[in-house]
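Everything numeric in this text was worked out from a predicted model, so none of it was measured.
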Amino acid sequence: MKPADLIWMHGEDLPWDDATVHVLTHGLHYGTGVFEGVRCYDTEIGPAVFRHQDHLDRLFLSAELYYMPIPYEREQLRQATLELIARNGLRECYVRPIVFRGYGTMGLFPLDAKVDVAIATWEWGAYLGEEGKRNGIRAKVSSWKRISPEALIPQAKATGQYLNSILAKIESHKAGYEEAILLDEKNHVCEGTGENIYLVRDGVIHTPPSTASILDGINRRAVVQIARDLGFEVVERDLARAELYLADEVFLTGTAAELTPVREIDDHAIGTGEPGEITRAVQLAFEDALHGRSERYREWLDPVPAIAGVQAGGRIP
C-alpha cells in the first residue's frame with residue numbers, strides 16, 4: 001500500500017498523516033461505520049472511477065440501514081472524490097469512502113455520536129494478486145458461516161460486520177489457501193471474504209441470489225450484465241457446497257479482487273485446474289469495461305477532471 005499525499009476528511013483535504021480520529025471514536029469501539037470499495041482506472045478517456053454513482057448509492061443505503069444520516073449530498077462526495085484523486089496526481093487508485101460514528105459519546109446507544117465522513121485514495125494492486133488473476137487461486141470453504149440476516153444486515157457494507165470475513169480469511173490463510181468461501185446459515189454457498197462467487201457448469205453461469213446473505217456487489221451487477229450481453233445464461237439460485245467441486249469453472253468478483261478465477265477448492269481441482277473459456281471471456285470483457293476499451297459500457301465510467309490551479313488543502317463546498 002502506497003500512501004497518497006492527501007485524505008479528504010471533515011470537508012477538507014488533509015495531509016495523509018494528519019487524518020486522525022480520537023481514540024474514543026464510537027466506530028472504533030463498536031464497529032458503527034459503513035464504507036465502500038471503489039476503483040479508479042487509467043482509461044482511454046483518462047482516469048475514471050468505475051460505477052461511481054452505484055457505489056455512492058450503496059454507501060447511502062448502508063448508512064440508512066444503520067441509522068447514520070450522512071451530512072453531505074451524494075454529489076458533494078462524488079466531487080470530493082474526483083478532486084481528491086486529481087490533487088493526489090493518481091491515474092489509477094483504490095478509493096475508500098467511510099462513514100462512521102465519531103467521538104462524543106460511549107456506550108451501545110449510538111445516535112448521540114456525530115457522523116463523520118472521510119475519503120482516502122491510494123495505489124493498490126489486485127487484492128488476490130496478479131498471478132491469481134492470470135492463473136487462478138486456491139480456496140477453502142470456511143468453517144465460519146456468513147452473517148445471517150436474522151442477526152445483522154448482510155446487504156449493508158458495514159465495518160463491524162467484516163469481523164466475520166476476517167475470521168474466515170485468517171482460517172484459510174493459516175491452512176495454506178489464498179481465499180475462503182463462506183456458506184450461509186442454510187449451508188448454501190454464499191460468497192468469498194470480499195467477493196461474490198460464480199460457478200459454470202454445462203455452459204451456464206450460476207451465482208447465489210440476494211436471499212443467500214450476499215452483499216449486492218457493484219461488480220457483480222456489471223459482470224452479470226456483461227455475461228448476458230456475451231450470450232451466456234446466468235442463473236441466480238441457491239448452490240450446494242458440492243456443486244463447487246463439480247463445477248467446470250469457478251470465479252470471484254469484487255472491486256478489490258476484480259475478476260479472479262478459482263482453480264482449486266478444498267483440494268479439489270476445478271475443471272481442468274486452469275481458468276476456463278467462459279471465465280476468460282467474461283474476464284476479458286470485464287477488463288475492457290474497467291479500462292474504457294468498450295464503448296458499450298463507457299457510461300459506467302466517471303472521468304476525473306483535470307483541475308488547473310487547485311491548491312492542496314482547498315475546501316470542498
Any non-hydrogen side-chain atom of [X] less than 4.5 Å from a side-chain atom of [Y]?
{"X": "Leu24", "Y": "His29", "answer": "yes"}
{"X": "Pro209", "Y": "Asp238", "answer": "yes"}
{"X": "Val189", "Y": "Glu243", "answer": "no"}
{"X": "Ile70", "Y": "Leu77", "answer": "yes"}
{"X": "Leu252", "Y": "Glu179", "answer": "yes"}
{"X": "Ile181", "Y": "Lys140", "answer": "no"}
{"X": "Thr159", "Y": "Val34", "answer": "no"}
{"X": "Cys190", "Y": "Leu183", "answer": "no"}

Does [atom1] belonging to [X] count more than 12 external heavy atoms closer than 6.0 Å?
{"X": "Glu75", "atom1": "CD", "result": "yes"}
{"X": "Trp300", "atom1": "CH2", "result": "yes"}
{"X": "Gln53", "atom1": "CD", "result": "yes"}
{"X": "His173", "atom1": "NE2", "result": "no"}

Side chain to side chain contact (heavy atoms under 4.5 Å, CB included) assessment of Asp216 paired with Ser210: CA-CA 7 Å; Asp216 180 18; Ser210 58; over 6 Å; no
Distance in Å, [X] [atom1] paired with [Y] [atom2], rounded so as to fall on 0.5 Å steps:
{"X": "Phe100", "Y": "Thr32", "atom1": "CZ", "atom2": "OG1", "value": "9.5 Å"}
{"X": "Arg39", "Y": "His55", "atom1": "CZ", "atom2": "NE2", "value": "10.5 Å"}
{"X": "Arg221", "Y": "Asn196", "atom1": "CZ", "atom2": "CG", "value": "10.5 Å"}
{"X": "Ile218", "Y": "Leu56", "atom1": "CD1", "atom2": "CG", "value": "9.5 Å"}
{"X": "Gln155", "Y": "Thr211", "atom1": "CD", "atom2": "OG1", "value": "9.5 Å"}
{"X": "Leu84", "Y": "Asp5", "atom1": "CG", "atom2": "CG", "value": "10.0 Å"}

Measure across [X] and [Y] and return the closest heavy-atom pair with its distance rounded to 0.1 Å.
{"X": "Ala180", "Y": "Ser142", "answer": "CB-CB, 4.2 Å"}
{"X": "Tyr94", "Y": "Gly37", "answer": "OH-CA, 3.1 Å"}
{"X": "Arg138", "Y": "Asp267", "answer": "NH2-OD1, 3.0 Å"}
{"X": "Tyr66", "Y": "Leu152", "answer": "OH-CD2, 3.7 Å"}
{"X": "Phe50", "Y": "Ala222", "answer": "CZ-CB, 4.1 Å"}
{"X": "Leu82", "Y": "Pro305", "answer": "CB-CD, 3.8 Å"}

Are Phe60 and Tyr72 near enough that their ring centres are under 6.0 Å apart?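 For Phe60 and Tyr72, the ring centres are not under 6.0 Å apart.
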Pairing donors with acceptors under 3.5 angstrom, does anything connect the side chains of [X] and [Y]?
{"X": "Ser143", "Y": "Glu171", "result": "yes"}
{"X": "Asp229", "Y": "Tyr297", "result": "yes"}
{"X": "Lys145", "Y": "Asn187", "result": "yes"}
{"X": "Thr207", "Y": "Glu236", "result": "no"}
{"X": "Arg237", "Y": "His206", "result": "yes"}

Should [X] and [Y] be regarded as members of a common hydrophobic cluster, given that ILVMFWY residues are connected when their side-chain heavy atoms come within less than 4.5 Å of each other, either directly or indirectly?
{"X": "Tyr30", "Y": "Phe109", "value": "no"}
{"X": "Val204", "Y": "Ile270", "value": "no"}
{"X": "Ile197", "Y": "Val262", "value": "yes"}
{"X": "Val223", "Y": "Leu215", "value": "no"}
{"X": "Ile278", "Y": "Leu199", "value": "no"}

Does the [X] side chain pair with the main chain of [Y], one donor and one acceptor, at a distance under 3.5 Å?
{"X": "Arg58", "Y": "Phe35", "value": "no"}
{"X": "Glu83", "Y": "Ala80", "value": "no"}
{"X": "Thr260", "Y": "Ala257", "value": "yes"}
{"X": "Glu185", "Y": "Ile147", "value": "no"}
{"X": "Gln283", "Y": "Leu259", "value": "yes"}
{"X": "Arg146", "Y": "Gly192", "value": "no"}
{"X": "Ser294", "Y": "Ala289", "value": "no"}
{"X": "His26", "Y": "Leu111", "value": "no"}
{"X": "Arg228", "Y": "Val234", "value": "yes"}
{"X": "Arg101", "Y": "Ala113", "value": "yes"}

Classify the ring geometry of His22 against Tyr103: parallel below 30°, tilted from 30° to 60°, perpendicular beyond 60°.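 Parallel: the ring planes of His22 and Tyr103 meet at under 30°.
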Between Asn164 and Leu182, is a side chain to side chain contact (heavy atoms under 4.5 Å, CB included) present by the stated rule, with each step listed? CA-CA 10 Å; Asn164 178 224; Leu182 293 89; 3.8 Å; yes
List the atom pairs, with distances to 0.1 Å, where a side-chain N or O of residues 115-131 and a protein N or O form a donor-acceptor pair under 3.5 Å, not counting sequence neighbours.
{"from": "Thr121", "atom 1": "OG1", "to": "Asn88", "atom 2": "ND2", "distance (Å)": "3.0"}
{"from": "Glu131", "atom 1": "OE1", "to": "Arg134", "atom 2": "NH2", "distance (Å)": "3.1"}
{"from": "Glu131", "atom 1": "OE2", "to": "Asn135", "atom 2": "ND2", "distance (Å)": "2.5"}

Are Val141 and Ile265 close enough, and set up right, to give a side chain to side chain contact (heavy atoms under 4.5 Å, CB included), and what steps lead you there? CA-CA 7 Å; Val141 175; Ile265 300 174; 4.1 Å; yes
Test log, rule side-chain hydrogen bond (donor to acceptor under 3.5 Å, both in side chains), inputs Thr253 and Glu195: CA-CA 5 Å; Thr253 65; Glu195 311 88 16; over 6 Å; no
Check the pair Phe286, Asn219 against side chain to side chain contact (heavy atoms under 4.5 Å, CB included), reporting the backbone distance first and the verdict last. CA-CA 9 Å; Phe286 182 53; Asn219 281 8; 3.4 Å; yes
Could you tell me whether Lys157 and Glu36 have a side-chain N and a carboxylate O separated by less than 4.0 Å?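 Not counted as a salt bridge, because no side-chain N and carboxylate O are separated by less than 4.0 Å.
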Show your reasoning for whether salt bridge (charged side-chain N to carboxylate O under 4.0 Å, His left out) applies to Glu178 and Lys169. CA-CA 8 Å; Glu178 285 85 36; Lys169 186 74 173 180; over 6 Å; no
